[in-house]
Amino acid sequence: MILAVDTSIGSTAAVVDPDGVVLGHSESASPRGHAEVIGDLLVAALEDAGVSADEITHVATGMGPGPFTGLRIGIAAGRAFAVGRGIGVMPVVSHDAAALAHIERTDDGGAFAIVTDARRRENAVSVYRGLDAHGLPFRLSGPELHPQTADLAAILPSATVIVPTGTARPAAATGTASGALDAAASSPGATAEDSNAAEAPTSIIRAADLGRIAARTLAAGVAPAADEPLYLRSPDVTVGHVRKRVST
Amino acid sequence: MTEPTVADATASSGPLVLGIETSCDETGIGIVRGRSLLSNTIASSMDEHARFGGVVPEVAARAHLEALQPAIEHAVAEAGIRLRDLDAVAVTSGPGLAGALMIGVGAAKALAVSLGKPLYAVNHLVGHIAADILTEGTEPLEYPTIALLVSGGHTSLLHVRDLTTDVEMLGETIDDAAGEAFDKVARILGLPYPGGPQIDKAALDGDPDAIRFPRGLSRASDRDKHRWDFSFSGLKTSVARWIEQREAVDEPIPVADVAASFREAVVDVLVTKALDACEERGVPRLLLGGGVIANKRLRDVATRRATERGVTVRIPPLSLCTDNGAMIAGLAAELIASGRRPSTLAFGADSTLPVTEIHVAEAP
Ligand SMILES: [Zn+2]
């Protein structure tokens, strides 16, 4: 039995069985307050599933990308839960969960990019196409950072559908390529043909999807993601050196 | 799910509690059984901050996340317990660096849920006072007591009437913490981080009376508004200005004298205000805590001047003075022993948690 937790956008927890069936799920879409809600969300997911903490055999943690302060709370919670139970942690790239949800929603086999807000006027971008033999989203590139002003249409392979997730508003969805967004919004089905069409943003990366990826990864016996947070950015500090004069 | 319950706190051995502390740059995991210390595991990210000359919150938060799991495992092994034997989990809710505190809060909640154990969210500053009760071979701390807590993150003067119910903030720093002042002046003198031990080393052959640096908020005009508050920012500027004036006329900098005189100004203002508080409140007891207590000059001056004024000084071992998880576990053990309910799971990290909130989000 897998407990999944992710705080890369909102805060969410889920219980998924080894066959990938979602037994329980909880979420808070708020981009803040991760530390406040995480405990109650864990309890709610377990209660929703009718599963006790003792029955959990694996913990899946969303490693991001996501704004650092919030992202870390889910990882810390996942690791601590695993220590408490004496079980292992399975790291999952959070964008993979959004990708799985997107594929199941559209199922057109085309390339698409999960785009999330990375703050500091940057987006985190991962490009996928379909599922691999194990049913896992096939990541072509990323996650990596791009300026929010960048025209993703020009950067990404042609015919890549842009999937804004969370609060992300990539330039391609609002700027010069906004015709594609409007087209997608007004006539469903236009996305497959239109280069870099964008779909309406989904609000959150869901732990249920994360848990299903963990279940498929376990079943396939393939290597999980690296057990390190996807900060994609060094701590923003400058080395103190030059002394400022105080005398006038 | 069944409601977790607290084991019988009146058992002679006391409740078995694991405490998590992540308010600054130390990941502390402590395990206590009542007032007995079983493990005081500390993973510090101090080295990672050295090149920045001070604690960088993002660096500290990243380090907490990586240190947490190994530190818990180390503490459990050292204490010779099993996590499922715990009676409760405890965590620092604040005050401290918000992003750093959140790591401990998130981890503590998940650990408590995974074990089905109650969780106690507590106040970091009051934790420093609780460190005293874990000190072996001493008489129990007597109340009331004045407490002076000095570190790189805080400088606070408290009136403690009861550890679990009644702590009053008399005053605190209005700008830099004393430890920060040591770091900044060390940098001015070209000395590495952390500044405390470096200033101490440099001051070894210095004359503490060579230069009269200002004692912050000690003028008669400060009495009304800032009787018990501290300020070290002006002192730091004063040191910098003094050095610049020497440099302007190509005079050599007497580093030993500057270090000794600066340290004396810090120590003097800390000890004077603490002992004045003892006198004014009629409390002949002073408890010292916080990482800066590692400074031998501060301990010596405090002890000498306290004795002169008939005040008893208590100083926990240095390993319990610096930020640690044992003091957090110890405070929770006292709360449990006095019959307090655990916290609900809905509390957060509060970077400015007032000292009056000793126990956060107690369940109704
Ligand atoms: Zn402290």
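Convention: sequence-line order gives letters A, B, ...; per-chain numbering from 1.
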If the threshold is 4.0 Å, N to carboxylate O, is there a salt bridge linking A:Asp227 and A:Arg79? yes
A:Leu218 side chain near A:His58 side chain, heavy-atom distance below 4.5 Å: yes
Between A:Val125 and A:Leu145, is there a side-chain heavy-atom distance shorter than 4.5 Å? no
Can you say whether B:Arg82 sits under 4.5 Å from chain A via the side chain, the backbone, both, or neither, judging by heavy atoms? neither
A side-chain contact here means heavy atoms from C-beta on lying under 4.5 Å apart; do A:Arg206 and A:Ile204 qualify? yes
Quick one: of B:Arg62, B:Met102, B:Gln69, B:Lys109, who has the most non-hydrogen atom pairs under 4.5 Å with chain A? B:Arg62
Heavy atoms only, distances under 4.5 angstrom: which of B:Gly348, B:Ala107, B:Gly54 has the most pairs with chain A? Name it, please. B:Ala107
Close aromatic pair by centroid cut-off 6.0 Å: B:Phe262 and B:Phe182: yes
What I want to find out is whether B:Glu58 reaches A:Arg233 closely enough, with some N-O distance under 4.0 Å, to be called a salt bridge. no
Is any NZ, NE, NH1 or NH2 atom of the basic residue among B:Lys117 and B:Asp87 found under 4.0 Å from an Asp or Glu carboxylate oxygen of the other? no
Heavy-atom distances under 4.5 Å only: say whether B:Glu73 touches chain A with side chain, backbone, both or neither. side chain
If I measure from the heavy atoms of chain A, does B:Leu65 come under 4.5 Å with its side chain, its backbone, both, or neither? both
Let's test your reading of the structure: which of A:Glu228, A:Arg72, A:His34 forms the most heavy-atom pairs below 4.5 Å with chain B? A:Arg72
Select, from A:Ile73, A:Leu42, A:Asp40, A:Thr69, the one with the greatest count of heavy-atom pairs under 4.5 Å involving chain B. A:Asp40
Counting only non-hydrogen atoms closer than 4.5 Å, does B:Leu111 touch chain A with its backbone (N, CA, C, O), its side chain (CB onward), both, or neither? both
Contacting moiety of B:Ile103, where chain A heavy atoms sit under 4.5 Å: both
